[in-house]
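Only heavy atoms go into these numbers, but all of them, side chains included; no hydrogens, no water, no symmetry mates. Residue numbers count from 1 along this sequence.
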Amino acid sequence: MKGREAVEKVLQVEGLSKNFGGVRAVDNLSFDVERGQICAIIGPNGSGKTTCINMITGVLEPTSGRVMFMDHDITPLSRPEISKLGITRTFQNLRLWNTLPVLDHVLASRCCRTEANFFSSVLGGKAAIEEERKNREFARELLNLVGLADMEDVLAPSLPYGQRRLLEIARALACEPVLLLLDEPAAGMSSAEIDDLIELIFKIRDRGISVVVIEHRMKLVMQASDKIVVLNYGQKIAEGTAEEIRCNEQVIEAYLGTAYSKEISEVCQQ
């Protein structure tokens, strides 16, 4: 049974804490993500969601606790090392180049999976040419997956905001992750765009990729998640399925007085 659990649990967060001076942004947080699972992390602004993701991906060093990925302790590893192992992410703030077209953004993100060395690439060796062909084929496959197949030659800043969000997801997928972390992917999206995003997250899960989503839009959280982890003041206050979380009194209380309290109330009445 122990071996079976180790295989099924892609991510294990164990007693994770982060202090910024005298402020504890994340306090003894523990949860896990299984293979092929969609896990949402929610909570009011300032509850520690992004800090948690930053520690998992090596952006921040934990004050205490550890992060296990595929039964390996990745807590001391750097961001590039973690990415190469199979964890990639998007950010709240878009990180796109103004002068690069859409396809080149995805190709640039293939660097962690590129085998050809500098000299073979410059000299145009057979291996480098074949790898370039395969990378372009894979990049176009990802653009088709996220709905940007007709936009490969468009400069990224020319895309509507929602499509730029989708490009960020395609870039993260270019590294062929086992675990994909999405930090507020629905920000700025319309209701119809969120419906398409939910469908995309399901497609990503169907490719065998586990997904962790930080999100405020309850429509996405409740419809897409297999499991929800709720944070408040850096602590986990609830964990369970959407049905278990939707009318949890602690969750509702944590959101009272925020811009999302009305949305949660509407979800609970459905």
Side-chain angles (χ1 to χ4, degrees), residues 1 4-5 7-16 26-53 56 68 89-90 92 165 169 178-187 189-270:
M1 178 62 72
R4 182 170 179 268
E5 289 179 352
V7 172
E8 289 185 344
K9 291 183 179 179
V10 171
L11 177 72
Q12 292 171 274
V13 173
E14 301 177 351
L16 212 57
V26 175
D27 187 4
N28 195 32
L29 175 63
S30 297
F31 69 93
D32 58 64
V33 179
E34 296 178 1
R35 186 182 299 276
Q37 188 175 52
I38 301 171
C39 174
I41 301 177
I42 68 171
N45 289 332
S47 59
K49 304 182 298 295
T50 296
T51 299
C52 169
I53 295 301
I56 292 171
M68 301 290 293
R89 65 171 295 179
T90 63
Q92 288 184 29
R165 286 274 174 194
I169 295 175
V178 175
L179 174 65
L180 175 65
L181 300 102
L182 304 175
D183 197 347
E184 298 195 25
M189 288 189 174
S190 67
S191 180
E193 287 174 326
I194 291 174
D195 287 337
D196 291 339
L197 178 59
I198 291 170
E199 186 63 29
L200 173 59
I201 291 173
F202 286 147
K203 289 179 181 178
I204 292 170
R205 186 268 316 276
D206 291 343
R207 294 168 73 98
I209 300 170
S210 301
V211 182
V212 174
V213 185
I214 291 178
E215 191 50 69
H216 286 298
R217 306 296 291 271
M218 290 301 128
K219 179 179 182 180
L220 186 152
V221 169
M222 294 299 177
Q223 292 184 18
S225 306
D226 298 310
K227 179 171 72 174
I228 301 171
V229 175
V230 189
L231 305 184
N232 194 30
Y233 295 110
Q235 295 183 328
K236 183 174 73 174
I237 62 171
E239 179 178 351
T241 64
E243 189 62 33
E244 292 168 337
I245 293 296
R246 69 169 59 236
C247 295
N248 182 294
E249 292 297 329
Q250 280 188 289
V251 176
I252 295 172
E253 183 178 353
Y255 272 100
L256 285 178
T258 73
Y260 309 101
S261 58
K262 180 180 179 182
E263 186 174 0
I264 290 177
S265 297
E266 291 173 350
V267 170
C268 288
Q269 293 171 7
Q270 293 176 357

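- Two residues are said to be in side-chain contact when any heavy atoms from C-beta on lie closer than 4.5 Å; V213 and V221 fail this criterion.
- Looking at every heavy atom in both residues, G43 comes nearest to H216 through O-CE1, 3.3 Å.
- Rounding to the nearest 0.5 Å places CE of M218 at 8.0 Å from CD1 of I228.
- In this structure, E14 contributes its side chain and M68 its backbone to no donor-acceptor pair below 3.5 Å.
- Taking R205 as the reference, I38, F202, D226 meet the side-chain contact (heavy atoms from CB on, under 4.5 Å) condition, with sequence neighbours excluded.
- Going from atom CD1 of I214 over to atom SG of C52 covers 6.5 Å, rounded to the nearest 0.5 Å.
- Distance CD/E8 to CG/D32: 10.5 Å, rounded to 0.5 Å.
- We find that D195 and K219 are joined by a salt bridge, their nearest charged nitrogen and carboxylate oxygen being less than 4.0 Å apart.
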Show which side-chain atoms of residues 231-238 pair as donor or acceptor with protein atoms under 3.5 Å away, not counting sequence neighbours.
{"residue": "Q235", "atom": "NE2", "partner": "D27", "partner atom": "OD2", "Å": "2.8"}
{"residue": "K236", "atom": "NZ", "partner": "S30", "partner atom": "O", "Å": "2.8"}
{"residue": "K236", "atom": "NZ", "partner": "E239", "partner atom": "OE1", "Å": "2.7"}

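- The two residues S47 and P44 make their nearest non-hydrogen contact at OG-O, 2.8 Å.
- When each of V212, L220, I201 is paired with L182, the side chain to side chain contact (heavy atoms under 4.5 Å, CB included) condition holds for I201 and for no other.
- Put simply, NZ on K9 and CZ on R35 are 13.5 Å apart, with the number rounded to the nearest 0.5 Å.
- Counting all heavy atoms, side chain and backbone alike, G48 lies closest to V26 at O-CG2, 3.5 Å.
- If you take OG1 on T241 and CE on M222, they are separated by 9.5 Å, rounding to the nearest 0.5 Å.
- Put simply, the side chain of K49 never gets that close to the backbone of E184: no donor and acceptor are under 3.5 Å apart.
- Here the CG atom belonging to L29 is positioned 7.0 Å from the CD1 atom belonging to I41, to the nearest 0.5 angstrom.
- The shortest side-chain heavy-atom distance between L11 and S210 does not fall under the 4.5 Å cut-off.
- For the pair R217 (side chain) and M189 (backbone), a donor-acceptor distance under 3.5 Å is present.
- Contact between C39 and V33 at its shortest, heavy atoms only, is CB-CG2, 4.1 Å.
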